[in-house]
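Some notes on the structure that comes next.
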Amino acid sequence: MTTTSTSVDHNVDNQDSVLEPESVEQSTDIVVTNWKEISWQGLWKNNPALVQLLGLCPLLAVTNTFINALGLALATMLVLIVSNLTISLVQQWVTKEIRIPVFIMIIASFVTMIELLMNAYTYGLYLSLGIFIPLIVTNCAIIGRAEAFASKNPPKAAAFDGLMMGLGFAVILLLLGGSREILGQGTLFDGAQLLFGDWATALRIEIFQFDQQFLLAILPPGAFIGMGFIIAGKNYLDHKHEQKQKAQGEKHKAQRARVTTVN
Amino acid sequence: MQSDLTLLEQVKSGKIWGFPGGIHPPERKHLSNQTPIAQANLATHYYVPVKQHSGKEGEVLVKLGDKVLKGQPLTKPSTGLSLPVHAPTSGEVKEIKPHISAHASGAPELTLIIEADGKDDSVPAQPFNDWQAPETDALIEHIKSMGIAGLGGAAFPTYIKAHPAHDIELLIINAVECEPYITADDVLMRYHAEEIIEGVEILLHTTGAKLCLFAIEDNKPEAIEVIKKACEHKNNIDVRVVPTKYPSGGEKQLIQLLTSQQVPSKKLPIDLSIVMQNVGTAFAIKKAVIDGLPLTERVVTVTGESITNPQNLWTKLGTTVEDLVAQCGITAEKDQRLIMGGPMMGFNILDSQMPVVKATNCILAPSKYHVPPRGVEQACIRCGDCAAACPAELLPQQLLWYSKSQEHEKLEEYDLFDCIECGACAYVCPSQIPLVQYYRNSKAEIRQAEEDKAKAEKARIRFEQRQARLEREKQARLKRHQEAAERRRQALNQDDSAKDKIAAALARAKAKKQQQSEAPKETGKLEDTSTAVDNSTDAAPNQAIDPKDKVAAAIARAKAKKEQKAKQALENSKSEQAPYAESKSSPTHEAQEQATDEKTPEQIKKERVAAAIAKAKAKKAKESSNENEQAAADKSTMTEESITDKQDVDASESQALKTPEQIKKEKVAAAIAKAKAKKQQAKHNADTLTEQGNE
Amino acid sequence: MKFMSNALMSSPHGRVRQSTNQVMRQVMYATAAGLAAQLIFFGWGVLIQIALCVTVALLAEALVLSLREKPVRATLSDGSAILTGLLLALSIPPLAPWWIAVIGTAFSIIIVKQMYGGLGFNLFNPAMAGYVVLLISFPVAMTNWQPPAELMAQSITYLDAITIIFTDFTIDGYSMSQLKLGVDGISMATPLDNFKTQLGQGFTASEITQAPIYNEHAGIGWQWINLGYLAGGLWLLKNGIIRWHIPLSLLASLTTCSFLYYAINPDLGLTPVAHLLSGATMFAAFFIATDPVSASTTVKGRIWFGAVIGVLIFVIRQWGGYPDGVAFAVLLANMMVPLIDYYTKPTAYGHKARG
Amino acid sequence: MSIIFYSLLALAVLALIFGAVLGFASIKYKVESDPLVDQIDALLPQTQCGQCGYPGCKPYAEAIANGDEINKCPPGGEATIKNLADLMGVEPKSLDEAHGEEDVKKVAYIREDECIGCTKCIQACPVDAILGASKLMHTVIVDECTGCDLCVDPCPVDCIDMVPAPSNNKYWKWDQVLIPTKTIN
C-alpha cells in the first residue's frame with residue numbers, strides 16, 4: 001500500500017470482512033482525503049446498489065414509481081450523511097466489541113427523525129413508502145458504510161462518503177423507479193405532488209397508454225429483472241473500459257524482488 | 001455386513017445379485033469366436049517394454065548384441081512391486097531404447113528390441129513339481145519369476161494376489177469378458193478348459209481360499225459347457241453364469257454380482273476376504289507352474305469389421321500391432337480407428353509400432369457404422385441417462401459440471417475417485433460429451449494439485465529452514481568478527497607502532513579519496529575503480545600474504561579493464577551498460593572481501609575463478625557495447641577477440657599461482673565467453689535480418 | 001496396409017445413436033395427439049400461435065447466440081428453442097393477441113434460457129416461466145380462452161383466427177368477449193376458471209358441474225386434450241425419451257390430494273378424474289415437468305420433484321388465486337431442484353457398507 | 001420531563017447491560033482462528049521466486065492480507081488466484097501480466113560440463129535445491145526445485161537452463177487438445 005487512494009480502495013473492495021484490525025489501523029494512519037476517489041467509489045466503482053448489492057429490500061420494494069424512489073433515495077441519503085458524520089466523530093470512543101449496537105443506535109435515531117419529518121411534511125409519500133422508511137435502519141448500505149468507512153476516516157471524508165454513496169444509491173433507485181414506472185404504467189413523475197406539493201401534479205408525463213398494464217414491471221419480480229439488467233449494463237461498461245485500457249496501456253513490468261542474496 | 005450369514009454361506013446359495021446401471025452395447029463377439037486360436041506369425045522384431053505391469057520396472061539383465069533364447073529373463077525384478085519380462089523368442093538384443101508404449105498416451109518407455117533369428121529356441125522348461133506342498137513361498141517366488149501379471153487389463157503382479165496377507169475365503173475367477181468384440185477369454189476357455197482348472201487349483205492352494213467362483217457371462221454357452229464339464233468333480237469350484245451386461249466384468253461389479261457386497265471405497269477386494277483373478281491368468285499360472293513356461297505369449301483377439309479375418313491369436317509379447325493386423329488383413333475405411341482393448345475401455349493406437357504387452361487382450365479395428373465415433377460435443381441437458389447407466393451410482397452430470405468448473409472439492413464430495421472409467425455414461429450420452437475424458441482429466445488434475453500442495457509445503461519448510469540457518473550463520477559470523485576485533489584491539493593496545501601504521505594508511509587513503517572526488521564527473525566511474533584498486537593494494541600489505549596480493553592485483557586489473565569497456569559501452573548505449581555495471585560490482589566486491597578475510601588455499605582458488613569470471617563478464621559487456629558499431633561483424637573479428645581473451649587469461653595466469661586445475665578452469669571460462677560472444681553475434685545478426693526485413 | 005491412426009481420444013469409442021436433436025424432435029412428435037385435440041376444440045388459433053411462438057423463439061435464440069458469439073446454426077438445430085416455442089404456444093389461449101406470444105416467447109428464450117447460459121443451464125422451465133410472466137402481467141388476456149367449438153355461438157374460420165390474434169376482432173367485427181358468449185348467451189370460461197369463480201359465489205361442486213362446459217368426467221374438450229397428451233406421453237415413455245418417475249409421482253400425488261379432499265368435501269372439490277383431465281395436467285406431467293434441464297436428475301429426486309408438483313397443482317387449483325396452477329407449481333418445484341438433488345444423491349458404490 | 005429522564009435512564013441501563021454482555025462475549029468466545037496470513041501462505045506455491053515484487057511467498061501473503069491484489073503470482077497461475085479469491089471473498093481476476101505469465105512447470109537444469117563450481121547458484125536457491133561445493137560441479141535436486149529461476153541470473157557462465165519439469169504417465173492428462181492425425185504405413 002503506497003497511497004491513500006489504494007488504501008481506500010482496498011477497504012471497500014474487500015468489504016472489510018477480510019481485513020485484520022491491524023491493517024485497518026495502519027490504513028487510518030496514512031489517510032489523506034482523496035475526494036475524487038471517494039466520489040468515484042460511491043457513484044460507480046463501489047456503488048452500494050450495483051456492486052455491494054446492499055439495501056436491496058427497500059430498493060426493490062419501493063421503486064415502482066419514480067417519485068417513490070426519489071423519496072426513499074432522499075431519506076436514505078440524508079441518513080447516510082449524518083450517520084457517517086456522527087460515527088466518524090465518535091469513532092475513537094467506540095470500542096470494537098460494541099461498535100455495531102452503537103452504530104445502529106445512531107442510525108436509528110436519525111431514521112426516526114427523518115420518519116417524523118416525512119410524516120409531517122410529505123404525508124402522502126410517507127404513506128406510500130410505508131414500512132420502508134423505518135426499515136432504512138436495517139439498510140445494510142448504511143451500516144456497511146459506517147463500519148467500512150466512517151469508523152476509520154475523519155468526519156469530513158465520512159460525510160462526503162455518505163453523500164456519494166447516497167447519491168450512488170439514489171441514482172440506481174431513480175433509474176429503476178423511472179424505468180419500472182414507464183414500462184408498467186406508461187407514465188413518469190406520477191404522484192410528484194406527494195413529495196413536492198400540489199403544484200407538482202403538473203409534472204406527471206403520460207408517455208403512452210396501455211390497454212393492459214404490464215404488471216410484471218410493477219410487481220417485485222420486475223424490480224429484480226430490471227436490477228439485473230442495470231448490473232449487467234454496468235458490468236458491460238466496465239468490461240469495455242477495461243479492454244480499452246488494456247489496448248491502450250503499454251505493458252509495464254513489475255519489479256521483481258530477490259528472496260536470496262548472492263554475494 | 002447386513003446379514004448374519006458369513007460370506008461363504010451367502011455365496012453358496014448360488015444367487016446372482018446384480019448391480020445398478022450398466023448398458024447393453026452390441027456384442028459383436030461372433031466375429032472372432034468362430035475359429036480356434038491360431039498362432040501369430042513369427043515376426044522379425046519384437047519390442048519388449050521393460051515395464052508391462054503396474055508397479056516398478058525391473059533391472060535390465062542383457063546388453064546390446066546379447067543372444068537370447070525364448071523364455072530367458074531379460075530383466076530381474078527390482079524392489080517393490082516388480083516383475084521380470086522374458087524374451088518372446090530367440091534372437092539378438094538389437095536395441096535398448098525408449099519406444100512407444102502400450103499406453104493411451106503412447107509416451108515412450110524403455111524397450112528391448114529383439115531381432116528374431118527365426119529358430120524360436122527356448123530355454124529349458126522349469127516346472128515346479130511339488131506345487132501341492134503346504135509351504136507356498138517357493139511356489140509364489142516361482143510365479144513371480146515367471147513374470148505372471150493379471151491378464152485382464154490392469155496387469156497387477158499376480159504373485160501379490162496369489163499370496164495375500166489376509167485370510168482369503170473366496171477366489172473369483174473372472175471369465176465374464178463383458179467388453180464387446182473381445183473373445184480372448186472365451187476361446188481360451190473353449191480350448192483349454194482343463195488347463196485353466198488346473199491353474200485355478202494352484203491359485204486355490206496358494207491363496208488358501210475355501211471356494212472358487214468361476215464367473216462367465218451367459219453369452220458364452222460353449223465356454224460355460226466345457227468349464228462346467230471340467231470342474232464337474234471339483235466341489236470347491238462353482239461355475240456362476242451371470243447375465244450379459246456391461247460392465248459386469250469389472251472387479252467391483254462382479255463382486256457385487258456374486259456376493260452382494262461392495263468393496264468399500266478406497267479399499268481392495270482383499271478387505272472383504274476376496275481375491276479375483278482373470279481366467280487368462282489362471283491359465284498362465286498353470287503354464288508357469290506345471291509346464292514351467294514363463295509368460296511370453298497370450299491370446300489376443302484381432303477383430304473388428306475392418307479386419308478381413310477376425311480371429312484369436314497366440315501372440316508373443318512384444319509383437320507389434322502392425323504385424324498382428326497384417327496377419328489378419330485389414331480393409332481400412334476412411335479415418336480407420338485402431339483400438340487396443342475393447343471399444344468401451346480401450347485406447348486409440350497412435351502408432352502401429354505399439355507392442356502387445358501382458359495386458360493387451362484385443363486389437364480392434366471397428367467400422368464407423370458399428371462403433372460410431374463421437375460427434376461434436378453438445379450442451380448437457382441433464383437427461384440423467386448417464387446416472388442411470390453408471391454402475392457405481394455416481395451422478396455423472398454433476399461430476400461433469402464440477403469438472404468443467406474445476407471445483408475439486410466438489411468432485412471429491414461427489415465421489416469422483418469411485419469412478420471406474422467404464423465409459424457407460426459417455427456411451428449413453430445423447431449430447432456426445434466425452435465424460436470419461438473429463439473425469440480422467442480432473443482426476444489427474446486433482447492428483448497433480450495434491451502433489452503440488454505437498455511440494456509447496458516442502459518448499460516452504462526448506463525455505464524457512466534455510467532462512468533460519470542463514471540467520472544463525474550471520475549471528476555466528478558477527479560474533480566471530482566481534483571477537484576478532486576484540487583481539488585486534490588488544491593487540492594494538494600492546495603495540496603502538498602498529499597503531500601508527502594503521503593511522504598512516506588511513507590518512508593516505510583519505511587523501512586519495514579527496515583527490516578523486518575533485519576529479520571531473522565523466523571519469524567518475526573509472527576513478528571509483530581505481531579507488532577500489534588502491535584500497536585493495538593499500539589494505540593488502542597490512543593483512544595479506546604474498547600470493548593473495550597477486551590475486552588481488554589480477555582482479556583489479558580485470559576490473560579496470562572491464563570498467564574501461566563499460567565506459568565505452570556507456571558512450572555507445574547507456575541503457576545497456578547500466579545493468580552490467582551493477583551486476584559486475586558484486587563479484588569483484590566478493591573477491592575483495594575474501595582477500596581481506598580468512599586465508600585458505602581454497603579461498604585463493606576461488607578468487608582466481610572470480611577473476612576469470614569478471615573477465616568473461618567484461619567481455620560480454622564489451623560485446624554488447626560494440627554491437628551498434630560492429631553491425632556487420634563477422635567471425636574473423638570474433639576469433640580475434642577470443643585470441644586476445646586468451647592472452648588476457650594467460651597474463652592473469654602468470655600473475656597467479658598456476659595449478660593445472662586453475663588453468664583448466666580458466667580455459668573453460670574463456671571458452672564460455674567465446675560461446676557467448678558467438679551467441680550474441682548470432683542474435684545480432686538475426687536482429688539485423690529482421691530489421692532489413694522490416695525495411 | 002495403410003490406415004489413419006485417429007486422434008487421441010478417450011474411451012469409450014462407441015456410443016448410442018440417440019442425439020439431443022432426436023430427443024427434442026421426438027418430444028415434439030409426441031405432442032401431436034394433444035395438439036390435434038386442441039385443434040379440434042379450439043380451432044386454427046392454436047396453429048397460428050405455434051407458428052408465432054416458434055418463429056419468435058428461433059429469432060430470439062439466434063439474436064442472443066450471435067450476441068454471445070456462439071455458433072448460431074449448430075445450436076439452433078438442436079431443436080430446444082423450437083420445443084420451447086411449441087410448448088408455450090400450446091399453453092396460451094389460442095386467440096390471445098399476437099404480442100402475448102411474442103413477449104412470452106422472447107422472455108422464455110432470452111431471459112429464462114439464454115441469460116442463464118443457454119441449453120442445459122436454465123434453472124427454470126423456459127416455457128413455463130414465460131407463461132407465468134404472461135399470466136401475472138396480462139391476467140385478462142391470458143385467461144381469455146374461448147369455449148370449445150361445439151359450445152360457441154359463432155364458428156371461427158382460420159381467417160377469423162388470424163385477424164383476432166392480430167387485430168383483436170374477427171372479420172365480422174366480433175371481439176374476444178363477444179366470442180366468449182356461449183350458445184345460451186352466457187359468458188364462458190375454462191372449466192377450472194368457471195369452477196373456481198362459481199365456488200367463490202357459494203355454489204356446490206355438483207351444481208357447478210351442471211353447466212354445459214362440463215361433461216361427466218371433466219370439461220368438454222379438455223378431457224380429450226388431456227387424453228391426447230397422455231397418449232403422447234406414453235409413447236415417449238415407451239421410446240425411453242422420458243422416465244416414468246416424474247409423470248407417475250406427479251399424477252399420483254395429484255390424484256391422492258384431490259381424492260382425499262373430494263372424499264372429505266365433495267361439495268367443494270373436483271373429482272380426481274376431473275383434476276387429471278382438466279387444464280394442463282397431462283401436458284405438465286409428460287411434457288413440462290419432464291424437461292430434463294430444470295428437473296431433478298436423481299431417481300429419488302425425480303419422484304420427489306413430481307410429487308411436489310402434483311401437490312402444488314392441487315393446492316393452487318383449490319386455494320390459489322389462479323384457476324390452474326401447473327406453471328407456478330413447476331416453477332416452484334424447479335426452485336427446489338438443487339435442494340432435492342442434494343438430499344437425494346445416491347450413495348456411490350463402496351460407500352454403503354462403511355464401518 | 002420525567003418521562004424523558006426515565007426513558008434516558010432506561011436506555012442507559014440497557015446500554016450498560018448489553019455493552020457488558022458484548023464485552024463478556026468477546027472475551028469468553030474469542031475464536032483463535034488460523035491467522036489469515038498463514039491461510040493465504042498455504043495457498044501460494046512457495047516457489048519464493050519474488051515475481052510478485054515481495055521477497056518470498058510469506059511477505060506476499062502478508063501483503064494480500066493487507067489488501068494487495070491477488071493476481072501477482074505467475075507460478076501459481078489462475079488456479080492460485082481462484083483459491084485466493086475464494087479465501088478472500090473477492091472476484092477472481094486474471095493474472096497481472098506485469099509480473100509475468102503463467103508457464104508450464106519448470107525445473108532448473110545445470111549443464112554440468114560447463115559448471116565452474118562457483119556456488120553462486122547454491123546461494124541463490126531459496127529452497128536449498130542445488131547440491132555442490134566450491135570448485136566442484138553442482139547439480140539440481142529435481143524433486144526439490146520449485147522452478148523459481150533465481151539461480152539463472154547469478155550464474156557467471158550461464159550454464160543453468162530452465163527446462164519443463166519431467167512428466168510421467170502417472171500424471172498424464174487426457175487433454176482436450178487433440179493430437180493431429182497422421183498417416184501410418
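Worth saying up front: this structure is predicted, and the values here are computed from it rather than measured.
Figure legend: B:K252 and C:Y349 shown without cation-pi pairing, the cationic atom not lying both under 6.0 angstrom from the six-membered ring centre and within 45 degrees of its axis. Judged by a 6.0 Å distance limit and a 45° cone about the ring axis, C:K113 is not positioned over the six-membered ring of C:F124.
Taking 4.5 Å as the limit, some side-chain heavy atom of C:I313 sits within range of a side-chain heavy atom of C:L250. Within the 4.5 Å cutoff, side-chain heavy atoms of B:D418 are placed close to those of C:H351. Taking the side chain as every heavy atom from C-beta outward, B:E393 and B:P20 approach each other to under 4.5 Å. Within the 4.5 Å cutoff, no side-chain heavy atoms of B:K29 are placed close to those of B:P180. In this structure the side chain of B:Q353 never reaches within 4.5 angstrom of the side chain of B:V321, judged on heavy atoms. Residues B:L338 and B:L364 are not in side-chain contact: their nearest non-hydrogen atoms beyond the backbone lie 4.5 Å or more apart.
Of the two parts of B:F19, neither the backbone nor the side chain holds a non-hydrogen atom closer than 4.5 Å to a non-hydrogen atom of chain C. With a 4.5 Å cut-off on non-hydrogen atoms, B:P372 touches chain C through its backbone and its side chain both. For a residue to count as touching a neighbouring chain, one of its non-hydrogen atoms must lie under 4.5 Å from one of that chain's; by this rule C:N122 does not touch chain B. There is no contact between C:A74 and chain B, counting heavy-atom distances below 4.5 Å. If you measure heavy-atom distances from B:I339 to chain C, the contacts under 4.5 Å come from the side chain alone. Proximity to chain C is limited to the backbone of B:C380, based on heavy atoms less than 4.5 angstrom apart. Residue contact with chain C, scored on non-hydrogen atoms closer than 4.5 Å, is absent for B:E179.
Between chain C and the residues B:C429, B:A424, B:G423, the largest count of heavy-atom pairs under 4.5 Å involves B:G423. Comparing B:D385, B:I420, B:V376 by heavy-atom pairs within less than 4.5 Å of chain C, the highest count is held by B:D385. For the options C:T347, C:T297, C:T298, C:D341, heavy-atom pairs under 4.5 Å to chain B are most numerous at C:T297. Between chain C and the residues B:P343, B:S306, B:G384, B:G341, the most heavy-atom pairs under 4.5 angstrom are made by B:P343. Your options are C:G117, C:P346, C:G118, and the one with the most heavy-atom pairs under 4.5 Å with chain B is C:P346. Chosen from B:M345, B:Q253, B:K266, the residue pairing most often with chain C at heavy-atom distances under 4.5 Å is B:M345.
A donor and an acceptor atom, one from each side chain of B:E322 and B:S352, are located under 3.5 Å apart. No side-chain donor from either of B:S442 and B:E445 sits under 3.5 Å from a side-chain acceptor of the other.
Residues of residues 232-246 of chain C that come closer than 4.5 Å to chain B, counting heavy atoms only, are C:R243, ordered by residue number. Within residues 75-91 of chain C, the residues approaching chain B closer than 4.5 Å by heavy atoms are, in numerical order, C:D78. When the heavy atoms of residues 327-338 of chain C are compared with those of chain B, the residues falling under 4.5 Å are C:V337, listed by number.
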key: C:Y229 vs C:F283, side chain to side chain contact (heavy atoms under 4.5 Å, CB included): CA-CA, chis, key distance, verdict   = CA-CA 6 Å; C:Y229 286 123; C:F283 185 59; 3.6 Å; yes

ask   = Hey, mind stepping through C:H13 and B:R337 against side-chain hydrogen bond (donor to acceptor under 3.5 Å, both in side chains) and telling me if it holds?
value = CA-CA 9 Å; C:H13 301 277; B:R337 286 168 298 166; 4.8 Å; no

query = Where do B:W401 and C:F121 land on the side chain to side chain contact (heavy atoms under 4.5 Å, CB included) test, with the steps shown first?
reply = CA-CA 10 Å; B:W401 184 282; C:F121 294 92; 3.4 Å; yes

message = Using the rule given for salt bridge (Lys or Arg N to Asp or Glu O under 4.0 Å), can you reason through B:R28 versus B:E305, listing the C-alpha separation, both sets of side-chain angles and the distance that settles it, and then say yes or no?
response = CA-CA 9 Å; B:R28 316 281 303 154; B:E305 288 75 17; 2.6 Å; yes

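Counting non-hydrogen atoms of other residues, nucleotides and ligands closer than 6.0 Å to OH of C:Y116 gives a total of 12 or fewer. Around NZ of B:K368, the count of heavy atoms belonging to other residues, nucleotides or ligands within 6.0 Å exceeds 12. No more than 12 heavy atoms of other residues, nucleotides or ligands sit less than 6.0 Å from atom NZ of C:K70.
Applying the side chain to side chain contact (heavy atoms under 4.5 Å, CB included) criterion to B:T259, with sequence neighbours excluded, gives B:L7, B:V11, B:L170, B:I255, B:Q261, B:I274.
From C:R25, atom CZ reaches atom OG1 of C:T20 across 11.0 Å, with rounding to the nearest 0.5 Å.
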